[in-house]
Amino acid sequence: MEYFDFTDKVGYRTGKPFEFKYYNPDKIIMGKKMSEHLPFAMAWWHNLCAAGADMFGVGTADKSFGADVGTMAHARAKVDAGFEFMQKLGIKYFCFHDVDLVPEADDINETNRRLDEISDYILEKMQGTDIKCLWGTANMFGNPRYMNGAGSTNSADVYCFAAAQIKKALDITVKLGGRGYVFWGGREGYETLLNTDVKFEQENIAGLMHMAVDYGRKIGFKGDFYIEPKPKEPMKHQYDFDAATAIGFLRQYGLDKDFKMNIEANHATLAGHTFQHELRISAVNGMLGSVDANQGDYLLGWDTDEFPFNVYETTLAMYEILKAGGLTGGLNFDAKNRRPSYTAQDMFHAYILGMDAFALGLIKAAAIIEEGRVDKFITDRYSSFDGEIGRKIRNGQASLEELSDYACNMKKPDLPSSGRQEYLEYIVNNALFGE
Ligand code: XUL
Ligand code: CO
């Protein structure tokens, strides 16, 4: 059965109603194919499961794919529709939560059996295609048992259920050849400190992550584990607030060798940071792994998970990614159509928008790097540290007394060189819109 019969394979500037204007997979940018710079992934949950329900109303889109929702026949139809979707768009990766794949049963043993069945089917579909799994994860926030979190729960029994779900999600990720495994700490945080032992909860979260690493390595998982920072929503405060916080946590609990960051654009802005900031902080700490490619709305205080459209943001994101030498993970569209964009055609328009926004971002970021003035400016900006006293400081050979003597001899320093922000922004605009 063909689910999306209104389009065949979407190509570059074909003149057809569904076409890429910028994403040209084989085009070489800075020595690598665009498709290698941009390992796009489909998010199973938004694309194949979510129908647009919100707090005020039910879904508007039909994601039944011709089957009864909540059955294994529906789970299989989603696999078929998902593979047709990815093949038509030339998307090479997918990401999933355990319960995106199958309906959750009352008994975890039955859920696990369903997961075995569907992962056999996905594996079968993968054969003969170049589609792979980017990462898997366990949904440890939706079921009522996780009302107080998974690793951070006050219930030892619920903690064991979280362990069981992670074990199974890791099994399936490995079975499908996943590059990574994600921890998004959905409800790992608190609503009020009046009922919360923060130290106890953080130790338990770290304990669960250690067990996941031990088990994953035992079953042959060679990829990266990821933390996906997010400051709030659904909880008032989430422990993985932002990249700096999550990296500190990983180091504190000895998890930093096995984990990297999965940075989501909308989570960055919820934390009061730019997307670029979160990518930079991860990269300078050697922990930039993967990206959830979406965008938020600066006027709204929640996670809107929009398809990326803002080319300034994708350009600066790709600038960071190129400077970091690329991603070990990929660009997962953790994004959903707006509720009134409910048709199957809208699903294609959304992915084309997102893929083109990142392709254009890549082209423009490469132009900024190749043009060279921004990078040269940054190098020059610190050139005072190339002098004798500067080198001593950088090499850790200076003492406070020596620097004090140096300063007192000078009496008064010159002002630091200009930051020239407007000049740099003008260079970015020229790269984006031409001289
Ligand atoms: C929620 C979110 C998740 C994670 C995976 O804000 O981003 O979908 O990406 O659990
Ligand atoms: Co996400």
Side-chain angles (χ1 to χ4, degrees), residues 39-55 93-101 104 133-143 146 149-152 162 165-166 168-170 172-173 178-189 205 208-209 212 223-243 246 259-271 273 275 278-279 282 288-297 300-308 317 327 329-337 350 354 358:
F40 292 127
M42 179 192 75
W44 212 271
W45 53 103
H46 284 311
N47 206 44
L48 303 173
C49 309
D54 67 14
M55 261 110 91
Y93 297 95
F94 61 87
C95 300
F96 70 89
H97 301 83
D98 46 2
V99 300
D100 304 334
L101 300 182
E104 194 177 3
C133 172
L134 183 65
W135 51 256
T137 187
N139 178 325
M140 304 193 299
F141 44 88
N143 190 295
Y146 297 122
S152 65
Q165 263 185 266
I166 294 169
K168 193 68 189 173
L170 269 168
I172 291 173
T173 302
R179 271 195 188 187
Y181 183 87
V182 163
F183 280 86
W184 169 56
R187 293 188 198 270
E188 313 289 36
I205 294 170
L208 197 55
M209 289 178 172
D224 289 319
F225 289 85
Y226 301 122
I227 281 188
E228 183 178 321
K230 184 175 182 182
K232 58 187 168 192
E233 198 206 5
M235 300 305 267
K236 172 194 165 80
H237 176 88
Q238 283 165 208
Y239 294 133
D240 302 328
F241 193 93
D242 59 3
F259 275 80
K260 288 192 165 69
M261 294 296 113
N262 180 40
I263 295 299
E264 176 164 326
N266 202 165
H267 296 180
T269 48
L270 285 179
H273 301 310
F275 186 19
E278 288 292 84
L279 294 169
S282 306
L288 177 56
S290 206
V291 166
D292 270 12
N294 62 13
Q295 75 175 46
D297 185 317
L300 300 177
W302 62 91
D303 198 7
T304 57
D305 281 349
E306 292 167 39
F307 278 88
L327 297 168
L331 296 163
N332 166 46
F333 287 111
D334 190 359
K336 59 188 178 202
N337 283 100
F358 266 89

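Only heavy atoms go into these numbers, but all of them, side chains included; no hydrogens, no water, no symmetry mates. Indexing begins at 1, ligand by ligand and atom by atom, following the structure's order.
- Taking 4.0 Å as the cut-off, His267 counts as a neighbour of ligand 1 on heavy-atom distance.
- Side-chain contact between Leu270 and Asp303 is present, with heavy atoms from C-beta onward closer than 4.5 Å.
- Among all protein heavy atoms, the one lying closest to atom 5 (C) of ligand 1 is His97 NE2, 3.2 Å.
- Less than 4.0 angstrom separates some heavy atom of Asp292 from each of these atoms of ligand 1: 9 (O).
- In this structure, Val182 has no heavy atom closer than 4.0 Å to ligand 1.
- Glu264 contributes OE1 and Asp292 contributes OD2; the angle these two atoms make at the Co ion (ligand 2) is 100°, rounded to 10°.
- Of all the atoms in ligand 1, the ones that sit under 4.0 Å from a non-hydrogen atom of Asp334 are 2 (C), 3 (C), 4 (C), 7 (O), 8 (O), 9 (O).
- Counting heavy atoms from C-beta outward, Ser282 and Lys260 have side chains that stay 4.5 Å or more apart.
- In terms of N/O distances under 3.5 Å, ligand 1 is approached by Glu264.
- On a distance-only criterion, Thr137 and ligand 1 share no N/O pair closer than 3.5 Å.
- Separation of the Phe259 and Phe225 ring centroids falls under the 6.0 Å cut-off.
- Side-chain contact between Phe94 and Cys133 is present, with at least one heavy-atom pair separated by less than 4.5 Å.
- For the 3.5 Å distance criterion, the side chains of Asp292 and His267 fail to qualify, holding no donor opposite an acceptor.
- Here the side chains of Ile166 and Phe183 are in contact, with some heavy-atom distance below 4.5 Å.
- Of the protein's non-hydrogen atoms, the one nearest atom 9 (O) of ligand 1 is Glu228 OE1, 2.7 Å.
- Taking the side chain as every heavy atom from C-beta outward, Tyr226 and Thr137 never approach each other to under 4.5 Å.
- Heavy-atom contacts of Asp303 reach the following atoms of ligand 1: 6 (O) (cutoff under 4.0 Å).
- Among the atoms of Glu228, an N, O or S atom falls under 2.8 Å of the Co ion (ligand 2).
- Defined by atom type and a distance below 3.5 Å, a donor-acceptor pair is missing between the side-chain atoms of Asp334 and Asn294.
- The nearest N/O/S atom of Asp334 to the Co ion (ligand 2) is OD2.
- For ligand 1, the polar-atom distance check against Lys230 finds a nitrogen or oxygen pair separated by under 3.5 Å.
- Contact annotation: the side chain of Ile172 approaches that of Phe96 to within less than 4.5 Å [non-hydrogen atoms, C-beta and beyond].
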